[in-house]
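None of these values were measured; they are calculated from a predicted model.
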Amino acid sequence: MRVQSSATTPVTIAVDSRPSRATGTLLAALGVVAFSLTFPATAWGLEGFGPWSLVAVRSVLAALIAGSCLLALRVPLPDRRHRAGLAVVAAGVVVGFPLLTTLALQTSTTAHAAVVVGLLPLTTALLSALRMGTRPSRTFWTAALAGAAAVIAFTVQQSGGALTTADLYLFAALLVCAAGYTEGGRLAGVMPGWQVIGWALVLCLPFTLPAAVLALSYEPVHLSFHSVSGLLWVAAGSQFLGLVVWYRGMATIGIPKASQLQLAQPLLTLVWSVLLLGEHLTVAAPLTAAAVLVCIAVTQRARG
């Protein structure tokens, strides 16, 4: 806050609306918690919806929520110079990642998918360095690579070293999602984070709405508590609210450091997979958890 006054001029107060670094870290962490529920919620959704229907309908519902907020607050259309970036966010976060991971979860357990997607922080940091010219410290990269190595080791141990079609879907999802996160984090530095994902969702609506109608006409639907709850969470929680706080957090603490908080996401998803889906964890899970948490602590202390 800055205060200026004199005998001849009125007092003026300028307040910086940007959150503190602690608040930014908390916002990014809340986004991670929301994302950690995505795979279990998707598994629930797949109990009553086909994969194409689930992805299309979740995007439509999220777009309606976002569009209502944008309309109610009379938010002006984004500048033309930001629309290409919003298209990248839409392609990566709104369409690409949900579709690829949903296809993977048809044959993969949520636990396995979670540890593969645990490579997302490193992928995001790498794309951020290429796209935005960021140069994190050597300590940061060492800790990030160590965390990624722990996730890879866990994945290989769980899968027996054999890659499946589901793994290929998941690796492709890593690339498109990291691109969306990087571009979204950049845009969140010049516009509110909720508007970034809001406009990306609305941008996709002319495509996702007819896709939802077409998919629902071909894929059978069996409504149940699990399927409806899963659909509502991935639409409102993962696709909109989670990304709102995530992009705001990234804009405050920086994309590389925020991305490292996601090292905790696969471990949280493992917990949800046990509590919500009844999946069983192996002894390697707590060992990976300890290694990943140490890496998170180091990356958050390292100066970029």
Taking P51's backbone N and O only, do any of them form a donor-acceptor pair with T102's side chain (distance below 3.5 Å, no angle check)?
no

To the closest 0.5 Å, what do you measure between CG (L70) and CD1 (I65)?
12.0 Å

Could you tell me whether the side chain of S108 and the main chain of L105 form a donor-acceptor pair under 3.5 Å?
no

C177 versus L120: any side-chain heavy-atom pair under 4.5 Å?
yes

Verify side-chain contact (heavy atoms from CB on, under 4.5 Å) between L27 and Y247, making sure each step is shown before the conclusion.
CA-CA 9 Å; L27 290 173; Y247 281 140; over 6 Å; no

Using the side chain to side chain contact (heavy atoms under 4.5 Å, CB included) criterion, which residues pair with Y218? Sequence neighbours excluded.
L214

When the ring planes of F35 and Y181 are compared, do they come out parallel, tilted or perpendicular, using 30° and 60° as the limits?
parallel

With a 4.5 Å cut-off on side-chain heavy-atom distances among I, L, V, M, F, W and Y, is there a chain of contacts connecting L61 to V221?
yes

ILVMFWY cluster, L223 and V57 together (side-chain gap under 4.5 Å)
yes

Looking at S227 and S224, would you say the former's side chain and the latter's main chain have a donor-acceptor pair under 3.5 Å?
yes

Please round to the nearest 0.5 Å and tell me the distance separating atom CG of L231 and atom NE2 of H226.
14.0 Å

Quick one: pull up CE in M250 and OG1 in T182 and give me the separation to the nearest 0.5 Å.
7.5 Å

Chi angles and distances behind the side-chain contact (heavy atoms from CB on, under 4.5 Å) call for F97, V117
CA-CA 10 Å; F97 185 79; V117 175; 4.1 Å; yes

T142 side chain to R138 main-chain N or O, any donor-acceptor pair under 3.5 Å?
yes

Donor-acceptor check, side chain of T269 to backbone of S36, threshold 3.5 angstrom: yes or no?
yes

Should we count CH2 of W272 as having more than 12 external heavy atoms under 6.0 Å?
no

With the side chain counted from C-beta on, respond yes when L276 and L37 share a heavy-atom pair under 4.5 Å apart, and no when they do not.
yes

Same hydrophobic cluster for V196 and V32, using side-chain heavy-atom links shorter than 4.5 Å among ILVMFWY?
yes

Do Q239 and V234 have side chains that approach each other closer than 4.5 Å (heavy atoms only, starting at C-beta)?
no

In terms of hydrophobic clustering (I, L, V, M, F, W, Y; side-chain heavy atoms under 4.5 Å; direct or indirect links), are L77 and L205 co-clustered?
no

Using a 3.5 Å distance criterion without hydrogens, assess whether the side chain of E219 forms a donor-acceptor pair with backbone atoms of S53.
yes

Least distance between heavy atoms, A200 atom then A90 atom:
O-CB, 3.6 Å

Check: W194 and L73 side chains under 4.5 Å, non-hydrogen atoms:
yes

Shared-cluster residues of L103, by chain and number - hydrophobic side chains joined below 4.5 Å:
W52, V55, L99, L100, Y169, V176

How many angstroms lie between atom CH2 of W246 and atom CG of L261, to the nearest 0.5 angstrom?
6.0 Å

Determine, step by step, whether S238 and W233 satisfy the side chain to side chain donor-acceptor pair (under 3.5 Å) criterion, reporting the C-alpha distance in whole Å, the side-chain angles of both residues, the deciding distance to 0.1 Å, and the verdict.
CA-CA 6 Å; S238 303; W233 178 258; 3.3 Å; yes

P78 backbone acceptor or donor facing R83 side chain under 3.5 Å:
yes

If Ile, Leu, Val, Met, Phe, Trp and Tyr residues are connected whenever their side-chain heavy atoms lie under 4.5 Å apart, and connections chain through other members, are V244 and M191 in the same group?
yes

As an exercise, state the distance from CD of Q106 to OG1 of T101, rounded to the nearest 0.5 Å.
11.0 Å

At what distance, to the nearest 0.5 angstrom, does OG1 of T110 lie from CD of E279?
3.5 Å

Could you tell me whether the side chain of V245 reaches within less than 4.5 Å of the side chain of L241, counting heavy atoms only?
no

Other members of the hydrophobic cluster containing L287, with the 4.5 Å side-chain heavy-atom rule, please.
none

Show the nearest heavy-atom pair for residues A63 and V202, with the distance to one decimal.
O-CG2, 4.1 Å

All heavy atoms of W199 vs all of V75, minimum pair found to be CZ2-O, 3.8 Å

Is the backbone N or O of A188 less than 3.5 Å from a side-chain atom of Q195, with the two atoms forming a donor-acceptor pair by type?
no

List the atom of A235, the atom of R58, and the distance in Å for their closest heavy-atom pair.
CB-O, 3.5 Å

Note: A111 and L270 closest approach over all heavy atoms is CB-CD2, 3.3 Å

At their closest point, which heavy atom of A150 faces which heavy atom of A291, and how far apart are they?
CB-CB, 4.2 Å

